[in-house]
Amino acid sequence: MGRTRFVLVNEGLCPSNSPWYFWSEEDVFMAVSTERFLKDLHFVRRFGAQGTGVVRPAYSGPDLGARDWLASRMAEAGLAVRFDAMGNLFGLAEGQSLLLGSHSDSQPTGGWLDGALGVVAALEVARTSLETGGPAISVVSFQDEEGRFGVTTGSNVWCGGLTQCTADALTDHAGVTLAAARAALGERVGAPVDPSQFTGYVELHIEQGPVLDTAREQIGVVTDIVGIRDRVITLTGAQNHAGTTPMHLRRDAFQGLSAFNAMLNDRLRNVVMPSTVWTIGHVAVAPNASSIVPGQVRFSMQWRDGDIARLDRMQSVIDETLAQVADAHGLDVELGPLLGLDPVTMDAALQARLEAAAEKVAPGKWRLMPSGALHDATNVARCMPVAMLFVPSIGGISHAFEEDTDEVDLVAGLRVLAGAAGVA
């Protein structure tokens, strides 16, 4: 599916060549400005732009640049701007309000919509509500959702899942501590933002999977978010000469990782469901030289499922397999902190509002669906009712420069978010 372009019609935007979606007169004369929304969304794309994607890791120059620009747009809209100690950026309405948003940091090489869509859409809804005398809407861009230092770290600290002290000790793959990284916030940091001032949280996001795109549907209303477990594991053997060390005498850390991966895949077969996933996504081999037997390998181990008991059983299988591999290859095992979040069910009342808005905006072109990806809403659910909605990802691609969504679907997501917030 290619990108659909829009032509301006009075106060709204109308798709000029969509083969399957049609705007009614009511659609065209909406309160939200789709033109302004798309302009802002493409502007954020400039921060860390690389090819068709973005490189905007948490606390990097492009990340802070994007946050500063978003802060200026929030202030222009009439929202009170606040950065907390983690770098979470808030645009606050007066009094009790509904909180909308997502995150604006990216994967090391990420897509232009992941996170940014939810923040810019939230800004447009809040701005429109202020202009039209609608309900109080606040906006947030959470920090480090993409896990440079852990698992959705910014929202986790804000909602009490991690203390600031514990979070500060976390390190990225280069060994930089979160405390050192967030020092770049400087004078941006203000007073803490109290979660109790918000009545709920709604997050718009790209699906990051192929379901909606394959079905040619526009909206996914999320029912629940899977849980995740994540830890860094280090296998240590003995560095030695690659030409003179007999194979049976080696304590090769990389061979240990290879054996662990093969054994784990086999042993998890009778534990997991088709929707269960596990990933070894980052590997650092030392000393990483052609003629040296690897003495150490450090790798990430992540697993996700919608059932807590299954997540725990998977952890037991992982631990047992590590122990067996270490014994067979003469390796020492070091386990990093076990990070993770439990599965979360969306709030029924907020979900119902999204369903009603989805049926109005995209009748017959939406579905209820779980989220296999982790989101800040999981953490925020500790503090308040939460809900989420998805728009399609073309080809199901995300966490890659090729990530994209048709503009007609981006606008549909904005409209559903506005409708659920009582602004449209």
Side-chain angles (χ1 to χ4, degrees), residues 1-6 13-23 27 30 32 34 37-38 41-42 44-45 52-54 100-103 106-107 110-122 124-125 145 202-226 275 277 346 351 354-377 387-420 424:
M1 184 187 299
R3 180 183 299 282
T4 301
R5 296 297 177 185
F6 291 81
L13 291 173
C14 180
S16 57
N17 63 339
S18 173
W20 55 272
Y21 184 82
F22 301 94
W23 296 87
D27 294 328
M30 283 193 59
V32 289
T34 49
F37 159 67
L38 291 171
L41 187 58
H42 283 285
V44 174
R45 189 177 191 173
T52 59
V54 296
L100 309 179
S102 189
H103 64 97
S106 82
Q107 285 287 320
W112 74 288
L113 291 167
D114 183 357
L117 168 62
V119 177
V120 175
E124 178 55 36
V125 174
E145 191 274 352
V202 183
E203 182 172 356
L204 166 62
H205 209 279
I206 55 172
E207 180 195 342
Q208 302 183 285
V211 175
L212 294 174
D213 188 54
T214 300
R216 296 179 66 81
E217 294 173 337
Q218 280 198 300
I219 300 293
V221 176
V222 177
T223 55
D224 53 276
I225 303 173
V226 300
S275 58
V277 295
M346 300 296 96
Q351 181 180 317
L354 286 173
E355 292 176 29
E359 183 58 29
K360 184 176 181 180
V361 172
K365 292 290 184 179
W366 67 277
R367 70 169 61 202
L368 296 171
M369 62 186 300
S371 172
L374 195 67
H375 299 284
D376 289 307
M388 286 196 70
L389 71 151
F390 289 155
V391 292
S393 294
I394 295 174
I397 298 172
S398 184
H399 285 187
F401 284 173
E402 295 80 10
E403 173 187 283
D404 206 3
T405 295
D406 198 300
E407 283 185 353
V408 73
D409 297 328
L410 296 175
V411 171
L414 170 68
R415 295 199 57 231
V416 173
L417 182 67

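All figures in this text were calculated on a predicted structure; none of them were measured in a lab.
For the pair Asp404/Thr52, no side-chain contact is recorded, criterion being any heavy-atom separation below 4.5 Å from C-beta on. Within the 4.5 Å cutoff, no side-chain heavy atoms of Asp213 are placed close to those of Thr405. With contacts defined as side-chain heavy-atom distances shorter than 4.5 Å, the pair Val391/Leu117 qualifies. Counting heavy atoms from C-beta outward, His375 and Gln208 have side chains that approach closer than 4.5 Å. Side-chain atoms of Leu113 and Leu41, non-hydrogen and from C-beta on, do get closer than 4.5 Å to each other. Side-chain contact between Glu355 and Val416 is absent, with no heavy atoms from C-beta onward closer than 4.5 Å. Side-chain contact between Gln351 and Val222 is absent, with no heavy-atom pair separated by less than 4.5 Å.
The shortest heavy-atom contact between Leu374 and Glu145 is O-OE2, 3.2 Å. Across Gly413 and Leu389, no two heavy atoms sit closer than the pair O-CD1, 3.8 Å. Smallest separation of non-hydrogen atoms from Gly110 and Phe401: O-CD2, 3.2 Å. The two atoms that bring Leu354 and Ala420 nearest to each other are CD2-CB, 3.5 Å, heavy atoms only. Closest non-hydrogen pair, Ala412 versus Val361, comes out as O-CG1, 3.9 Å. Of all non-hydrogen atoms in Ile219 and Ala358, the two that sit nearest each other are CG2-CB, 3.9 Å.
Summarising the geometry, atom CG belonging to Asp409 is positioned 7.5 Å from atom CD1 belonging to Ile394; distances are rounded to the nearest 0.5 Å. How far CE of Met346 is from CG of Leu368: 12.5 Å, rounded to the nearest 0.5 Å. The line from CD1 of Ile225 to CE of Met388 is 5.5 Å long, rounded to the nearest 0.5 Å. Taken from CD in Glu359 to NZ in Lys365, the straight-line distance is 12.0 Å, to the nearest 0.5 Å.
A donor-acceptor contact shorter than 3.5 Å is absent between the side chain of Glu207 and the backbone of Gly220. With hydrogens and angles disregarded, no donor-acceptor distance shorter than 3.5 Å links the side chain of Gln218 to the backbone of Pro392.
The side-chain hydrogen bond (donor to acceptor under 3.5 Å, both in side chains) check on Ser102 picks up Glu203, with sequence neighbours excluded. Checked against side chain to side chain contact (heavy atoms under 4.5 Å, CB included), Ala121 has the following partners two or more places apart in sequence or in another chain: Phe37, Leu204, Leu414, Leu417.
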Next on the checklist: One pair to check against side-chain contact (heavy atoms from CB on, under 4.5 Å): Met369 and Leu212. What are the steps and the verdict?
Outcome noted: CA-CA 10 Å; Met369 62 186 300; Leu212 294 174; 4.1 Å; yes
Checklist entry - Val120 and Val44: side-chain contact (heavy atoms from CB on, under 4.5 Å), yes or no, with the steps? => result CA-CA 9 Å; Val120 175; Val44 174; 3.9 Å; yes
Checklist entry - Should Val32 and Val411 be marked as a side-chain contact (heavy atoms from CB on, under 4.5 Å) after you check the CA-CA gap, both sets of side-chain angles, and the distance that decides it? => result CA-CA 10 Å; Val32 289; Val411 171; over 6 Å; no
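Ring orientation note: the planes of Phe390 and His205 are nearly perpendicular, at an angle over 60° on the 30°/60° scale.
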